[in-house]
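What follows is one structure encoded as structure tokens, with my remarks underneath.
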Amino acid sequence: MKTATVLAERLRSHRLSAPARTVVDAASHMLAVQSQDFVAGRWALAARTRGEPTRSAVDRAFARGDLVRAWTMRGTLHIIPARDLRWVLSVTADRQRQQAAGRRRDLGIEGAMVAAVVEAVAPRLRDGGLTRAEMFEVFSGIGIDPSGQRGIHLLSELTLDGLICQGPVVERDGVGREQRFVLVEQHIREHSTPDDPLAELFVRYVDGHGPAGVADFAWWSGLTLGQSREALTRARGRVVEIDDGVYVSTIRPRRSSGAEGVLALGAFDEYYISYADRTAVCAPEHLALVGPGKNGMVRATIVSDGRVVGCWTHASASLGTPPELFAPGADEEAVRGALARFTRFLDG
């Protein structure tokens, strides 16, 4: 496929040139938005929604129980519609456990420890949930040291087991950088039940990320190539092959005539991170500037006409610091406008 076609179609699939009606609609379309940086994850949804949704508007969706955050794939936190959490984990949980098994053995995490944690925390989660620090206090109270990532791995295991997720946002620092852990059975009102969850995962990935192929899906989902090929086989008829091994959705959103040509996308944004090969959207010589770096970080990007042309930071945008542009062609006034939209989101 021509690069221009790939870019135009991905902008459309990502709802960046065809924004969704609401933040929850954007989340449903994307299915899972990478969100270990919680500010960036919420901004990813706002950037894919009509108008200018504020951070507070996104946070209200968490308070209502429409959105949650969880370790949905690759051992990485994602924002996901609450109703989709259970079936997604039915596909990805075992693979995540396999990938984390060695580290969890090193930390001494085994069945008896997990059972003890469940017995201790479950009753205390029924009254509005607990912050991470409060969860760790419970762990310590029953003799389990949460340090050295043991606490995080236990929280992940309880999530993969379907017991907990992250729900309402804790307002402490003016930005809301953490959430309360809540019981899934209490917090999530309804659960979607696709007939074929593996096929559904492939279709929903293509809906929100196409054009893309099996290798891209395997990277994004964390599943093996064998599982990913099986997902495609079972999804045939629900996606369209537009080039050799490249797929798009059967129903694509309508582009907006007022879509912005220059975008300020947050750290770890799906538009960049969710492919095995990222050179369609970022020149090979600039990949190292964006990441992932040695520390695993992926920087926030400036995107012009579908291509990554620079990087910025959430803090620098609020301070009015110019971004680092490393490719020609970006309209500087449009760049300032894109960063200003993020600042308004953060302050709202």
Side-chain angles (χ1 to χ4, degrees), residues 32 34-36 65 68-80 82-168 178-194 196-198 200-201 218 220-228 230-231 296:
Q34 192 158 335
S35 187
Q36 66 265 52
V68 296
R69 191 165 61 135
W71 286 276
T72 57
M73 54 202 67
R74 307 192 312 276
T76 301
L77 285 165
H78 288 73
I79 294 173
I80 185 170
R83 67 193 308 269
D84 291 310
L85 177 62
R86 185 167 67 182
W87 75 260
V88 168
L89 289 177
S90 77
V91 179
T92 65
D94 284 347
R95 178 64 176 158
Q96 292 190 78
R97 289 192 185 96
Q98 291 168 8
Q99 292 169 321
R103 180 58 178 150
R104 291 184 183 175
R105 280 195 300 271
D106 292 343
L107 293 168
I109 296 174
E110 37 69 45
M113 180 182 290
V114 174
V117 167
V118 171
E119 184 178 2
V121 302
R124 306 185 195 196
L125 288 169
R126 297 189 179 279
D127 296 321
L130 299 172
T131 65
R132 186 172 75 172
E134 290 166 344
M135 291 284 277
F136 286 0
E137 287 178 8
V138 177
F139 296 176
S140 297
I142 59 172
I144 296 174
D145 181 3
S147 65
Q149 296 188 319
R150 185 175 292 102
I152 292 295
H153 276 273
L154 283 167
L155 293 175
S156 174
E157 184 59 32
L158 299 188
T159 300
L160 299 184
D161 283 345
L163 180 73
I164 64 172
C165 61
Q166 294 186 59
E178 67 171 325
Q179 296 167 271
R180 292 190 177 278
F181 287 89
V182 292
L183 292 171
V184 166
E185 67 174 18
Q186 189 176 52
H187 188 70
I188 298 180
R189 301 182 300 275
E190 62 173 336
H191 296 276
S192 178
T193 53
D196 186 338
L198 180 60
E200 182 75 8
L201 192 65
W220 177 80
S221 66
L223 301 179
T224 66
L225 275 173
Q227 290 172 308
S228 299
E230 176 67 15

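Computed from a predicted structure; not experimentally measured.
- Without hydrogens or angle criteria, R150 side chain to L107 main chain gives a donor-acceptor distance under 3.5 Å.
- Here the side chain of R74 pairs a donor or acceptor atom with the backbone of W220 at under 3.5 angstrom.
- For E119, the CD atom sits in a loose shell: 12 or fewer heavy atoms of surrounding residues, nucleotides or ligands are nearer than 6.0 Å.
- Atoms CG and OG1, on L160 and T92 in that order, are 7.0 Å from each other to the nearest 0.5 Å.
- No side-chain heavy atom of I144 sits under 4.5 Å from any side-chain heavy atom of F136.
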For F181 and R69, run side chain to side chain contact (heavy atoms under 4.5 Å, CB included): C-alpha distance rounded to whole Å, both residues' side-chain angles, the deciding distance at 0.1 Å, then the answer.
-> CA-CA 9 Å; F181 287 89; R69 191 165 61 135; over 6 Å; no
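- Rounded to the nearest 0.5 angstrom, W71 CH2 and E157 CD are separated by 11.0 Å.
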Given E178 and R132, is the salt bridge (Lys or Arg N to Asp or Glu O under 4.0 Å) satisfied, shown in steps?
-> CA-CA 8 Å; E178 67 171 325; R132 186 172 75 172; over 6 Å; no
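- Across all their heavy atoms, A122 and L183 have their closest contact at O-CD1, 3.8 Å.
- In this structure the side chain of V117 never reaches within 4.5 angstrom of the side chain of M135, judged on heavy atoms.
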Side chain to side chain contact (heavy atoms under 4.5 Å, CB included) between L223 and L201, intermediate numbers included = CA-CA 11 Å; L223 301 179; L201 192 65; 4.3 Å; yes
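- Between the CE atom in M73 and the CD atom in Q34 there is a gap of 9.5 Å [rounded to 0.5 Å].
- Residue S192 comes nearest to W87 through the heavy atom pair O-CD1, 3.7 Å, listed as atom of the first residue, atom of the second, then distance.
- At least one side-chain heavy atom of R104 sits under 4.5 Å from a side-chain heavy atom of S156.
- The heavy-atom pair separating G128 from V182 by the smallest distance is O-CG1, 4.1 Å.
- In this structure, A120 and P123 approach most closely via the heavy-atom pair O-CD, 3.7 Å.
- How far CD1 of I80 is from CG of L89: 7.0 Å, rounded to the nearest 0.5 Å.
- Looking at Q96, its side chain does come within 3.5 Å of a backbone N or O of T72 through a donor-acceptor pair.
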Applying side chain to side chain contact (heavy atoms under 4.5 Å, CB included), run through L130 and E137 and close with a yes or a no.
-> CA-CA 10 Å; L130 299 172; E137 287 178 8; over 6 Å; no
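- Residues L154 and P146 have side chains not in contact (no heavy-atom distance under 4.5 Å, counting atoms from C-beta outward).
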Given side chain to side chain contact (heavy atoms under 4.5 Å, CB included), test V184 with L163 step by step and report yes or no.
-> CA-CA 6 Å; V184 166; L163 180 73; over 6 Å; no
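- Atom-to-atom distance recorded for I188:CD1 and L85:CG is 5.0 Å, nearest 0.5 angstrom.
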Verdict with reasoning, R97 to D161, per salt bridge (Lys or Arg N to Asp or Glu O under 4.0 Å) = CA-CA 10 Å; R97 289 192 185 96; D161 283 345; 2.7 Å; yes
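- Between G129 and R180 the shortest heavy-atom distance is O-NH1, 3.5 Å.
- Remark: R86 does not engage E185 in a salt bridge, criterion side-chain N to carboxylate O under 4.0 Å.
- Not a single donor-acceptor pair under 3.5 Å links the side chain of Q227 to the backbone N or O of E230.
- Residues H187 and P168 approach most closely at CE1-CD, 3.7 Å, considering heavy atoms.
- Side chains of V114 and L158 form a contact here, defined as non-hydrogen atoms less than 4.5 Å apart.
- Taken to the nearest 0.5 Å, the CZ atom of R189 stands 10.5 Å off from the CZ atom of R83.
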